[in-house]
Amino acid sequence: MLQPFVIGLAGLGTVGSGLVDMLLANRDDIWRRTGREIVLKSVAVRDTSKPRALPPGVALLDNPLALADDPAIQVIVELMGGKDAARDLIRAALKRGKSVVTANKALLAEDGEELFRLAHERGAALRYEASVAGAIPIVQTLKESLAGNHISSIMGILNGTSNYILSTMTSCGRDFPTALAQAQEQGLAEADPTLDIDGFDAAHKLTLLIRLAWGCHYPYSALSVQGIRGLRRMDIDFAREFGYRIKLIGQAREADGRIEAGVYPALVHHTLLLARVGGAYNAIRVEGNAVGSLFLHGLGAGSRPTASAVLGDLLSLAQEGARFKASANTGFVDADLPHAAALPASDAVSPWYVRAMVRDSSGVLRDIAGAMAAENVSMAQVIQKAERPDGVPLVFMTHATTGRAMLAAVRRLETSGQVLEPATCYRVLPRAGTVEDTALEQDCAGG
Ligand code: NAP
Ligand code: HSE
């Protein structure tokens with residue numbers, strides 16, 4: 001019979017307590033799959049005086065580093081979040097050759113290069129399925145199931161809180177502050193929602209996805225990131241008139257050997273699957289040269305859904321035992337992955353949605369068209385909406401153009417004296433014509 005698999009857990013909050021619940025609830029299934037018992041020996045928290053629901057015999061500690069020092073503990077599960085204490089614990093564990101399971105996307109996005117190298121040097125596992133899109137098994141999918149593909153594109157809704165806010169604005173007609181307050185009441189958004197609504201949480205996850213898809217480190221600090229803070233309901237309504245939904249998209253694609261990546265609000269045509277992802281759900285579309293297009297959808301957060309991903313990592317380590325290979329951490333054999341050759345966002349080409357608030361006077365449209373034409377930006381559709389207290393919204397969609405040309409055209413617009421406030425610009429995702437999108441479009445066309 002196999003030896004028990006002994007783990008130490010740092011963090012007993014939303015995800016940590018979900019893990020403890022599921023270890024108990026699925027004990028028999030776990031045994032049948034691994035042939036061994038997973039024993040939770042110790043749990044570290046910040047405040048040991050709080051009442052905790054833990055099985056008998058589990059030690060409660062206030063020092064996470066004690067988990068790494070305990071020779072009986074084989075695997076450390078880091079679910080504290082934050083940077084410093086988590087980094088110290090993961091480093092200490094890996095230095096001792098102990099394997100680590102974590103959900104900490106912020107840490108792996110910003111310090112992953114060092115931590116993966118350390119894990120490789122010490123022959124330890126560093127697993128992180130829960131770090132990207134919670135319950136959706138995208139890490140395993142890219143690392144193993146799609147390993148035989150050359151990946152050309154990854155595009156997803158990677159932040160549930162932002163998607164909930166945008167869905168609430170779209171479906172219930174709420175404005176941004178009301179939808180954000182509702183997300184906070186539901187326990188989705190933090191009191192300080194910066195990471196979620198300013199796009200940084202999605203950017204952390206995108207950095208991990210790029211590493212898994214292309215085997216390179218894309219510096220998190222180099223990602224182009226725009227969130228949804230202050231997004232106006234009128235843009236959601238106008239986008240809908242053109243047949244689009246606004247979504248916070250994390251996107252990376254390979255273009256001539258370079259990676260073009262970023263997080264931004266974008267107009268997604270209503271027939272695309274991504275446009276239909278509602279509430280706090282996440283979704284990821286991957287394109288590979290063998291698989292074509294693959295679409296994964298599920299809960300990106302929450303106690304049990306996230307614990308599901310942590311447990312998956314733990315079970316695979318319990319099954320692998322001594323058969324563990326360091327390349328299994330990133331999916332690539334090189335210990336030192338290269339840095340990505342990045343295509344700047346300003347060189348990326350897409351159609352754009354633009355809203356300019358103007359006065360309703362003669363010559364405005366001519367000047368706006370002139371500003372666009374001066375930068376070779378071609379307008380595809382233009383609508384002038386009814387006057388509002390803050391001006392007349394002039395809304396247009398452009399043909400595909402670079403981010404650089406769009407920015408230059410908007411600067412021209414703003415110096416023309418014809419616009420009453422800075423113009424709002426969002427990218428428009430191409431209607432990709434992928435297998436399922438095309439099938440869905442056909443279904444929609446058929447009624
Ligand atoms: P949480 O609810 O805030 O819980 C954090 C836990 O860590 C608490 O038990 C806290 O102790 C403990 N802790 C924090 N700092 C500590 C320190 N320095 N020393 C010892 N214990 C410490 O966090 P969470 O939402 O479960 O998130 C955990 C991780 O999972 C984060 O990296 C997060 O990004 C990631 N994640 C979360 C979700 C989600 O749905 N929540 C989804 C995907 C990924 P006390 O209980 O004493 O305060
Ligand atoms: N705050 C994240 C979200 C969940 O709203 O998607 C943790 O990754």
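Since the structure is predicted, the reported quantities are computational estimates derived from the model, not experimental observations. Counting starts at 1 for both ligands and their atoms, in listed order. Because only heavy atoms are used, hydrogens play no part in the values below, and waters and symmetry mates are left out as well, while side chains stay in.
- Salt bridge annotation for D175-R233: absent, with no cationic side-chain nitrogen under 4.0 angstrom from a carboxylate oxygen.
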Carefully, step by step, assess K385 and R355 under the rule side-chain contact (heavy atoms from CB on, under 4.5 Å). CA-CA 10 Å; K385 306 301 296 183; R355 172 178 54 79; over 6 Å; no
Which protein N or O atoms sit under 3.5 Å from any N or O of ligand 1? Give each pair with its distance.
from	atom 1	to	atom 2	distance (Å)
ligand 1	2 (O)	T14	N	2.9
ligand 1	2 (O)	T14	OG1	3.2
ligand 1	9 (O)	L12	N	2.8
ligand 1	9 (O)	G13	N	3.2
ligand 1	11 (O)	R46	N	3.2
ligand 1	21 (N)	R46	N	3.1
ligand 1	26 (O)	T14	N	3.1
ligand 1	26 (O)	V15	N	2.8
ligand 1	34 (O)	K105	NZ	3.1
ligand 1	40 (O)	G302	N	2.7
ligand 1	46 (O)	K50	NZ	3.4
ligand 1	46 (O)	R52	NH1	2.9
ligand 1	46 (O)	R52	NH2	3.1
ligand 1	47 (O)	R46	N	3.1
ligand 1	47 (O)	D47	N	2.8
ligand 1	47 (O)	R52	NH2	2.8
ligand 1	48 (O)	R46	NH2	3.4
ligand 1	48 (O)	K50	NZ	3.2

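- Scored by the salt bridge (charged side-chain N to carboxylate O under 4.0 Å, His left out) test, R174 finds no partners at all (sequence neighbours excluded).
- In terms of heavy-atom proximity, G298 sits nearest to I136 at N-CD1, 3.4 Å.
- A salt bridge links E260 with R427; the closest basic N to acidic carboxylate O contact falls under 4.0 Å.
- Separation of the F116 and Y128 ring centroids falls under the 6.0 Å cut-off.
- In this structure the side chain of I90 never reaches within 4.5 angstrom of the side chain of I76, judged on heavy atoms.
- Using a cutoff of 4.0 Å between basic side-chain nitrogens and carboxylate oxygens, R91 and D111 are not scored as salt-bridged.
- Contact shell of ligand 2 (protein heavy atoms, cutoff 4.0 Å): K105, N159, G160, T161, D196, D201, K205, A301.
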Which donor-acceptor pairs under 3.5 Å do the side chains of residues 8-32 make with protein atoms, sequence neighbours left out?
from	atom 1	to	atom 2	distance (Å)
S17	OG	G13	O	2.4
R27	NH2	E37	OE2	3.3

